[in-house]
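One structure is given here, and the rest of the page talks about it.
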Amino acid sequence: MDIVILRDSAAVAAEGARRVRTLLHKKRDAVLGLATGGTPLAMYRRLVADYEQGRVSFAKAITFNLDEYVGLGADDPQSYRYYMNRELFDKTDILHSNTHLPVCADGDDPDSVGPVYEAAIRAAGGIDLQILGIGRNGHIGFNEPTSSLRSRTRVKTLTRETLESNSRYFDDPARQPKIAITMGIATIQEAAAVLLLATGEAKAEAVQQMIEGPVSAMWPATALQLHEKATVLIDDAAASRLQQRDYYDWISEQRRALESQYGGG
Ligand code: F6R
């Protein structure tokens, strides 16, 4: 796991956006895995600004989001489809037909929507870069604690803790769905590279477990320890409980020295 600790959330957003831009410069038709929630918002805003300044194009990009609430339609302001349209898709040159979120609509068979989504990811050639946030309980996507580390895209019941964390987005608690459809942990593991963003003190325990804890379904993000190309971009507050912080800073120092000697990154 590559651990990059930055000063604050603005620096995390800037570095996340830089990595997405770099990928799109190398591969215009890259397949991006996207996350919603509060953490990636600033990164999306930077990418929109980059697009407006002609620094990046999404014209050939394909996207697959991690998750979506069951029961909220695309025109519901709390749905993740609405969020993605508002924050990124409507503000860039991405083709809406190239953007995907998992959906379990009324009348759909909950057992078949996951495999259909996975087939679409495979047909697109697989995800090049999966963006992730992390829940305070260590979830990635909506893979809550005790999710199988081999889980695939499926319908999942949210924990009370996650419902409470996300209740701030719902004026009427009765409208907050308790069920979501999410990529599984095995699905996420298949991405060629993953980039997890975490900011703020509230994420410090989950970040510590993810990086330094034993691999366990109780902290689903620990599965990323088994990923070949996982990068964690965190700010000082989210890094505040790491026990080996000196070592991560030392690695970064060595990497910077190497880059200035040989270039690249
Ligand atoms: C969102 C998602 C979730 C969030 C996580 C953190 O698509 O899959 O795992 O990344 O709940 O949310 P925030 O960023 O709001 O703290």
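Atoms within a ligand are numbered from 1 in the order they appear, just like the ligands themselves. It should be emphasised that the depicted structure is a prediction, and the values quoted were computed from it without experimental measurement.
- Among residues two or more places apart in sequence or in another chain, the ring-ring contact (aromatic ring centres under 6.0 Å, His included) test is passed with His100 by Phe64.
- Using a 4.0 Å cut-off between heavy atoms, Thr36 contacts ligand 1 through both its backbone and its side chain.
- Near Arg168, meaning under 4.0 Å from one of its heavy atoms, ligand 1 places the atoms 15 (O).
- The environment of Gln225 atom CD is dense: over 12 non-hydrogen atoms of other residues, nucleotides or ligands sit within 6.0 angstrom.
- When only non-hydrogen protein atoms are considered, atom 5 (C) of ligand 1 lies nearest to His139 NE2, 3.4 Å.
- Atom 10 (O) of ligand 1 has Gly133 CA, 3.3 Å as its closest protein atom, hydrogens excluded (heavy atom only).
- Applying the 4.0 Å criterion to heavy atoms of Leu66 picks out, from ligand 1, the atoms 8 (O).
- Looking at Lys27 and Asp128, a side-chain N of the basic residue comes within less than 4.0 Å of a carboxylate O on the acidic one, giving a salt bridge.
- A 6.0 Å sphere centred on CZ of Arg255 holds more than 12 heavy atoms belonging to other residues, nucleotides or ligands.
- In terms of N/O distances under 3.5 Å, ligand 1 is approached by Gly141.
- Within the 4.0 Å heavy-atom criterion, the part of Ile134 lying near ligand 1 is the backbone and not the side chain.
- Given atom 2 (C) of ligand 1, the protein heavy atom at minimum distance is Asp67 OD2, 3.3 Å.
- Note on Arg245 versus Asp236: salt bridge recorded, some NZ/NE/NH1/NH2 to OD/OE distance being below 4.0 Å.
- Arg55 has a carboxylate O that lies under 4.0 Å from a charged side-chain N of Asp50, or vice versa, which qualifies the two as a salt bridge.
- In this structure, Glu15 pairs ionically with Arg19, as a charged nitrogen and a carboxylate oxygen lie closer than 4.0 Å.
- Shown in contact with Gly38 at under 4.0 Å from a heavy atom are these atoms of ligand 1, numbered in order with element: 13 (P), 14 (O), 15 (O).
- Among protein heavy atoms, the minimum distance from atom 14 (O) of ligand 1 is reached at Thr39 OG1, 2.5 Å.
- With respect to the salt-bridge test (charged N to carboxylate O, under 4.0 angstrom), the residues Glu190 and Arg152 qualify.
- Heavy-atom proximity to Lys203, at under 4.0 Å, picks out these atoms of ligand 1: 6 (C), 13 (P), 16 (O).
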